[in-house]
Amino acid sequence: MPGVAAVWLARSWSTVRGGVVALAGAHPLWLVGALAVAQLGWFAGAACQQGTVSRPLPVRRLLAAQVAGSVANHVLPAGVGVGAVKLRFLHRHGFSLRESLAAVGLDTAAGLTTHLAVLVLLLAGGFLPGGTDRLTDRAPAASGLAMLTSGGVALAAVAAAALIAAAVPAARRWAGRERARVGAHVRSLGATMRSPGRAALLWGGSAAIPAVHAATLWAVVHALYLPLGVGAVFTLYFAASAVSALVPSPGGFGSLDAALTAAIMTAGQSAAVALAAVLGYRLVTVWLPMAPSACVLAVMVRRGHL
């Protein structure tokens, strides 16, 4: 997906140039605010991870693990990077491998559940903006983004079918292992729900993580002076991120970018302005925190915390 996105960007260089120009003219204070809001996701992730385990974790190291997981998440696809960092962190702090796996699985399941629940509420509340009829004059860009997203989904479907076909002989062994994992996840969820404090940390943190990202996108949209309200931006982000999850590229590169750009265009914005919003969002959530995250990851590995 990152390669496909690079090809599309190269073929639509005028749109990219217009997006960069639009971003350069954005309100700097709102961009700084977006950067500040984006960092709150680390605190939400720390709360969520603490809610998955029964023993208290060292707060500073727990927060540092979330920072370290950011760079790992942009190397491996579909959240595998941050999951691996969390798994290693828990195992290093006295939890067995089975307990650590159950905690990471519970973290992932809670994130998926809350994301879909919030998306349904936003759609039911009528926050989805209209304006799809205004895309007629931007057919090339819109069709390019649609082809990018649909092509990635098609490739993912073909790959999944091939994997399923290859895994049929080992299906029974896999099913046995998965039953054991599901049982561990159910027991872990039951223990969490019996503790109001842990349940609040788990579900509150899970809901806060995508909300922080949506708020970051809204701040970038506001910096670009776009006429989109909070509800509309939140709905567009939750919908686009849910669609991009069908193509598990590292950090959502390519898939999330295309989905977000297409979503903002459906709200009546030009391709250049929509791309500017996505570039600004990526700048404050990925590129600027990348170096600090890599440094924290290296320090934690060196000190034996990961």
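Computed from a predicted structure; not experimentally measured.
Crowding of Arg302 atom CZ: a count of heavy atoms from other residues, nucleotides or ligands under 6.0 Å not exceeding 12.
To the nearest 0.5 Å, atom CE of residue Met265 and atom CG of residue Leu236 are 12.5 Å apart. Going from atom CZ of Arg98 over to atom NE2 of His91 covers 13.0 Å, rounded to the nearest 0.5 Å. Of the inter-residue distances, the one linking Leu62 atom CG with Cys48 atom SG reads 10.0 Å to the nearest 0.5 angstrom. Separation of atoms CG (Leu275) and CG (Leu23) is listed at 9.5 Å; rounding is to 0.5 Å. How far NE2 of His93 is from NE2 of His305: 6.5 Å, rounded to the nearest 0.5 Å.
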Step by step, work out the side chain to side chain contact (heavy atoms under 4.5 Å, CB included) result for Tyr237 and Trp218. CA-CA 9 Å; Tyr237 175 80; Trp218 175 80; over 6 Å; no

How far apart are the C-alpha atoms of Leu97 and Leu101, what are their side-chain angles, what is the distance that settles it, and do they pass the side chain to side chain contact (heavy atoms under 4.5 Å, CB included) test? CA-CA 6 Å; Leu97 182 59; Leu101 284 170; 4.1 Å; yes

Audit row: Leu90, Glu99, side chain to side chain contact (heavy atoms under 4.5 Å, CB included) steps and yes/no: CA-CA 8 Å; Leu90 292 175; Glu99 290 174 327; over 6 Å; no

Quick one, Trp203 with Thr113, criterion side chain to side chain contact (heavy atoms under 4.5 Å, CB included). Give me CA distance, side-chain angles, the key distance, then yes/no. CA-CA 9 Å; Trp203 298 107; Thr113 303; 4.2 Å; yes

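Across every non-hydrogen atom of Val85 and Leu306, the tightest pair is O-CD2, 3.6 Å. A pairwise comparison of heavy atoms in Ala68 and Met300 identifies CB-SD, 4.2 Å as the closest pair. Closest approach of Leu224 to Ala276, counting heavy atoms only: CD1-C, 3.8 Å. In plain terms, the two heavy atoms of Ile209 and Gly45 that are nearest each other are CD1-CA, 3.8 Å. Thr285 and Ala38 make their closest contact through CG2-CB, 4.0 Å (heavy atoms, listed as atom of the first residue, atom of the second, distance). Listed here is the closest heavy atom pair of Arg198 and Thr52: NH2-O, 3.2 Å.
Residues Val32 and Met290 are members of separate hydrophobic clusters, defined by side-chain heavy-atom contacts under 4.5 angstrom among Ile, Leu, Val, Met, Phe, Trp and Tyr. If you chain together hydrophobic residues whose side chains sit under 4.5 Å apart, Val278 and Val273 fall into the same group. Both Leu123 and Val230 sit in one connected hydrophobic cluster of ILVMFWY residues. Membership requires side-chain heavy atoms under 4.5 Å apart, directly or through other members. The cluster map of Ile, Leu, Val, Met, Phe, Trp and Tyr, joined by side-chain heavy atoms under 4.5 Å apart, puts Val296 and Leu288 in the same cluster. Note: the hydrophobic cluster containing Phe89 also contains Val301 (ILVMFWY, side chain heavy atoms under 4.5 Å, direct or indirect links).
In this structure a side-chain-to-backbone donor-acceptor pair under 3.5 Å is missing from His222 to Leu226. Between the side chain of Gln50 and the main chain of Leu57, a donor-acceptor pair closer than 3.5 Å is present. Ser100 contributes a side-chain N or O that, together with a main-chain N or O of Ser96, makes up a donor-acceptor pair within less than 3.5 Å. Of the possible donor and acceptor atoms, none in the side chain of Arg17 sits under 3.5 Å from a partner among the backbone N and O of Ala272.
Side-chain atoms of Tyr281 and His213, non-hydrogen and from C-beta on, do get closer than 4.5 Å to each other. By the 4.5 Å heavy-atom criterion applied to side chains, Ser241 and Leu256 are counted as neighbours.
The stretch residues 28-42 participates, sequence neighbours left out, in these side-chain hydrogen bond (donor to acceptor under 3.5 Å, both in side chains) pairs: Trp42-Ser70. Among pairs with a residue in residues 106-126, those fulfilling ring-ring contact (aromatic ring centres under 6.0 Å, His included) read His115-Phe238, at least two apart in sequence or across chains.
Through direct or indirect side-chain contacts shorter than 4.5 Å among Ile, Leu, Val, Met, Phe, Trp and Tyr, Leu116 is connected to Leu112.
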